[in-house]
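Since the model is a prediction, treat every value here as computed from it, not as a measurement.
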Amino acid sequence: MRFTSEQRLDDGVLAREFTLGETPGTLWTPESAAPAPLILMAHNNGLPKAEPRLVARARHSAAHGYAVASIDAPGCGDRPRSAADEQARADLRRAMQAGEPADEIFESFIGPLVEKAVPEWRATLDALLALPEIGGPVGYSGWTAVGIRLAVTEPRIAAAGFFAGGYVPRAQREEARQVTIPLLFLLQWDDEGNPRRRALDLFDTFGTREKTLHANLGGHTGTPWFEVEDGNRFFGRHLK
């Protein structure tokens with residue numbers, strides 16, 4: 001892991017950009033001498049780590065005593081896109097503008113993205129836990145499809161908060177039965193791109209005995225800010 005820049009923000013949080021192989025990331029750490037528990041934070045369906053809503057959540061959590069890390073998934077953010085990536089995105093835009101079914105396009109795009117992203121998240125976790133300012137345990141927050149795979153394959157993750165707003169491939173919907181860690185699941189009741197019934201069925205599928213559903217009125221980007229604060233309390237129960 002190589003740090004390429006750092007900035008002390010006005011809330012005392014230290015924000016550092018890093019690279020790990022071809023993977024660019026950001027690490028936010030609190031103003032504290034003690035090693036901090038870690039939250040891996042991913043935006044739904046591979047939006048960039050610099051997306052303002054993700055950055056705001058990360059800074060808020062870091063100011064409350066967590067180390068928070070995010071990376072750009074393959075083909076997302078600062079990373080180059082392949083011709084196949086560009087074609088899939090174009091097909092998605094066209095289908096959604098025409099009001100046509102898009103599930104199979106999502107499967108062909110999001111499924112391979114999960115397969116590529118999860119090994120990078122695990123390698124990033126290895127590097128982060130080697131830093132003296134990070135002590136574990138580890139939580140995960142955000143992109144549900146990647147979070148399901150990580151929760152199933154990565155024993156170091158102790159708790160997870162999933163956002164129901166992104167497409168979850170069929171493979172991860174099956175894997176959800178194997179998720180056994182404490183879970184907080186956020187659902188926007190009127191999400192225009194995510195059928196409510198599908199999200200509720202996924203919540204039923206999770207195998208954990210400790211799962212909580214928070215549902216709020218509003219569309220895809222309307223998650224209330226108080227859910228960030230509730231998320232910190234959830235992680236406080238399981239990471240501190």
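P112 and E107 get closest at one heavy-atom pair: CD-O, 3.5 Å. For the residue pair P119 and V114, the shortest heavy atom distance occurs at CD-O, 4.5 Å. F18 and T124 get closest at one heavy-atom pair: CZ-CG2, 4.0 Å. Residues A176 and I148 come closest through the heavy atom pair N-CG2, 3.9 Å. Among all heavy-atom pairs drawn from H238 and P137, the shortest one is O-CG, 4.2 Å. Minimum interatomic distance between C76 and R89 (heavy atoms only, all atoms of both residues): SG-NH2, 3.6 Å.
Counting only distance, with no hydrogens or angles, the side chain of N194 and the backbone of A164 share a donor-acceptor pair below 3.5 Å. Looking only at distances, a side-chain donor or acceptor of K211 sits under 3.5 Å from a matching main-chain atom of F206. At least one donor-acceptor pair under 3.5 Å links the side chain of D72 to the backbone N or O of K49. Looking only at distances, no side-chain donor or acceptor of R173 sits under 3.5 Å from a matching main-chain atom of A145. Here the side chain of T19 pairs no donor or acceptor atom with the backbone of G21 at under 3.5 angstrom.
For F109 and Y167, the ring centers are positioned 6.0 Å apart or more.
By the side-chain hydrogen bond (donor to acceptor under 3.5 Å, both in side chains) test, E229 is found to be paired with no residue, residues two or more places apart in sequence or in another chain being considered. Residues meeting the side chain to side chain contact (heavy atoms under 4.5 Å, CB included) test with A42, sequence neighbours left out: W121, Y140, W143. Residues meeting the side-chain hydrogen bond (donor to acceptor under 3.5 Å, both in side chains) test with R149, sequence neighbours left out: E115, E175. Residues forming a side-chain hydrogen bond (donor to acceptor under 3.5 Å, both in side chains) with E133 (at least two apart in sequence, or on another chain): R16. Looking at residues two or more places apart in sequence or on another chain, you find a salt bridge (Lys or Arg N to Asp or Glu O under 4.0 Å) between R197 and D201. Under the rule for a side chain to side chain contact (heavy atoms under 4.5 Å, CB included), the partners of R196 that lie at least two apart in sequence or sit in another chain are L187, W189, D190, L200. Remark: R209 engages no residue in a side chain to side chain contact (heavy atoms under 4.5 Å, CB included) (not counting sequence neighbours). Partners of R156 according to the side chain to side chain contact (heavy atoms under 4.5 Å, CB included) rule, which considers only residues two or more places apart in sequence or in another chain, are L125, D126, L129, E154. Partners of S82 by side-chain hydrogen bond (donor to acceptor under 3.5 Å, both in side chains), not counting sequence neighbours, listed by chain and number: D85.
Residue N232 holds its CG atom at 11.0 Å from CZ of R237, rounded to the nearest 0.5 Å. A distance of 4.0 Å separates OG in S141 from CZ in R57, rounded to the nearest 0.5 Å. Note that the CZ atom of F162 and the CG atom of L213 stand 13.5 Å from one another [nearest 0.5 Å]. Considering OG1 of T29 and CZ of R8, their distance stands at 6.5 Å, rounded to 0.5 Å. Rounding to the nearest 0.5 Å places OG of S108 at 10.0 Å from CD of Q87. The line from NZ of K240 to CZ of R233 is 12.5 Å long, rounded to the nearest 0.5 Å.
With side-chain heavy atoms closer than 4.5 Å counting as contact, directly or through intermediates, the hydrophobic cluster containing L186 also holds L9, V13, W28, I39, M41, L54, V55, Y66, V68, F163, L184, F234, F235, L239.
Side-chain contact between I110 and P169 is present, with at least one heavy-atom pair separated by less than 4.5 Å. Side-chain contact between E210 and I181 is absent, with no heavy atoms from C-beta onward closer than 4.5 Å. Between V179 and V152 there is a side-chain heavy-atom pair separated by less than 4.5 Å. The shortest side-chain heavy-atom distance between F3 and L131 falls under the 4.5 Å cut-off. Considering only heavy atoms from C-beta on, E120 comes within 4.5 Å of P74 through its side chain. Using a 4.5 Å heavy-atom cutoff, the side chains of T205 and E174 are not in contact.
Counted by atom type alone, E17 and T4 present zero donor-acceptor pairs between their side chains at under 3.5 Å.
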Output side-chain donor-acceptor pairs under 3.5 Å for residues 95-106, partner residues at least two apart or in another chain, one line each.
unit_1	atom_1	unit_2	atom_2	d
D103	OD2	R198	NH2	2.5
E104	OE1	R170	NH2	3.4
E104	OE2	R170	NH1	3.2

Please report, to 0.1 Å, the donor-acceptor pairs under 3.5 Å made by any side chain of residues 215-224, with sequence neighbours excluded.
unit_1	atom_1	unit_2	atom_2	d
N216	ND2	E227	OE2	2.8
H220	ND1	D191	OD1	3.3
H220	ND1	D191	OD2	3.0

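Under the 4.5 Å side-chain contact rule for hydrophobic residues, L27 and L14 do not share a cluster.
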Full working for side chain to side chain contact (heavy atoms under 4.5 Å, CB included) between L38 and L128: CA-CA 9 Å; L38 173 65; L128 291 169; 4.0 Å; yes

